[in-house]
Amino acid sequence: MLPESLIAALRGAQHVCVLTGAGVSAESGIPTFREAQTGLWENYDPMDLATPEAFLRDPELVWRWYRWRRDLVAEAEPNPGHHALAELEGLVPELTLVTQNVDGLHARAGSSDVIEFHGNLFATRCFVEGCIVEVADDDGVPTCPGCGSPVRPGVVWFGEAIPASALDQSFAAAKDCDLFLSVGTSSLVYPAAGLAELAKRHGAVVAEINPNPTGLAANFDHAIAGKAGEVLPDLVAGLGGD
Ligand code: APR
C-alpha cells in the first residue's frame with residue numbers, strides 16, 4: 001500500500017520529474033549494471049568496456065558486448081513499469097522523464113520526449129567526426145562510409161560528457177518539479193544521481209522506488225521498497241489512472 005501522502009503529492013503536482021535507471025528494465029529481462037554480468041560477459045566489468053579507451057584498445061571486443069546488449073534489448077519488451085510511466089504522461093499537467101538507460105524501452109512503451117541522459121544503444125556514429133551511421137546487424141566493427149573511422153555505439157561512456165541538452169533539460173526539470181521520482185537506480189553515478197537532491201533543495205517531494213534502498217534514500221520523503229513494475233502501476237492507479 002503506497003503512503004497516502006505520496007498519492008496526494010502526485011495528485012497535486014503540476015510538474016512531475018522521473019529519473020529511471022537499469023532497475024526499470026530489470027523486469028524486462030535486461031540485467032542491471034551492478035548485478036554480475038550474465039553468461040558470456042560474466043568475466044567482464046562494464047566499467048572496463050564502456051570507455052573510449054576500451055574501444056580504441058579493442059574495438060572488436062567492445063562492439064561484441066554492445067551487439068550482445070542490442071540483441072538482448074531487441075528481444076525485450078517494455079514492462080508494466082514502462083507502461084505506467086507512459087500512462088502517467090497523460091494524467092499530470094507536465095511530466096519530464098529522464099532515463100539513464102540506453103535501451104529505448106520507455107519510447108517503445110509510448111513515452112514521448114524521453115531525455116536519454118546516457119544516449120541510446122541503437123544510435124551509432126563514427127568515432128572521429130560523430131556523423132550518424134546506420135549499421136547492419138552483422139559481425140565486425142562497422143566503419144564510417146565518410147571518413148573510414150570505426151563506428152561506435154551512441155552511448156555516453158565513462159569519462160565522457162553528458163549531452164548538453166539532456167543535462168540542461170534535466171536540471172531545469174529537477175528544479176521546477178513538485179514531485180521527483182527516482183526509480184530503479186542505485187544513485188551512484190553523477191551527475192544523474194544529483195538530480196533528486198537538486199529537486200529536494202528546490203522544494204519538491206522526492207520518492208525513491210527500489211527493492212534495495214540506496215544511500216540517498218535517507219534524504220528523501222519516501223523510500224518505497226518495491227519493484228518498478230509493481231509500484232508504478234499502483235501509483236498510477238492511486239491517481240485514478242486505471
Ligand atoms: N525495480 C526497481 N529497481 C530495481 C529492480 C526493479 N525490479 N531491480 C533492481 N532494481 C534496482 C537495484 O536495486 C539497483 O539499485 O535498480 C538499481 C540498478 O542500479 P545499477 O545497476 O547501478 O544501474 P543504474 O543506477 O541505472 O546505473 C547508473 O551507471 O553503469 C552506469 O551508465 C551506467 O546508466 C548507468 C549508470
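In listed order, ligands and their atoms are each counted from 1. The basis for the numbers below is simple: all heavy atoms, side chains too, and nothing from hydrogens, waters or symmetry mates.
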Check for a donor-acceptor pair, side chain of N79 on one end and backbone N or O of V24 on the other, with a separation under 3.5 Å.
yes

Does W68 have R64 sitting over its ring (NZ/CZ under 6.0 Å from centre, angle to axis within 45°)?
no

Say whether, by atom type as modelled, one donor and one acceptor occur between the side chain of N101 and the main chain of G21 under 3.5 angstrom.
yes

Shortest protein contact, atom 18 (C) of ligand 1 (heavy atom only)
G184 O, 3.7 Å

Polar-atom distance check: T214 versus ligand 1, any N or O pair below 3.5 Å?
no

Is there a nitrogen or oxygen of V24 sitting under 3.5 Å from a nitrogen or oxygen of ligand 1?
no

Donor-acceptor pair, distance only, cut-off 3.5 Å: does the side chain of S28 make one with the backbone of E77?
yes

For atom 14 (C) of ligand 1, which candidate among V189, N210, T32, I224 provides the closest heavy atom?
N210

Of S28, G23, S186, which has the heavy atom at the shortest distance from atom 10 (N) of ligand 1?
G23

Donor-acceptor pair, E89 side chain versus S112 backbone, under 3.5 Å?
yes

If you measure from each non-hydrogen atom of E27 to ligand 1, which part falls under 4.0 Å: side chain, backbone, both or neither?
side chain

Parallel, tilted or perpendicular: rings of F55 and W157 (30°, 60°)
tilted

To which protein heavy atom is atom 20 (P) of ligand 1 closest, and what is the distance rounded to 0.1 Å?
R34 NH1, 3.4 Å

Please indicate whether any nitrogen or oxygen in A22 is less than 3.5 Å from any nitrogen or oxygen in ligand 1.
yes

When you look for heavy atoms under 4.0 Å from ligand 1, do you find them on the side chain of H118, its backbone, both, or neither?
side chain

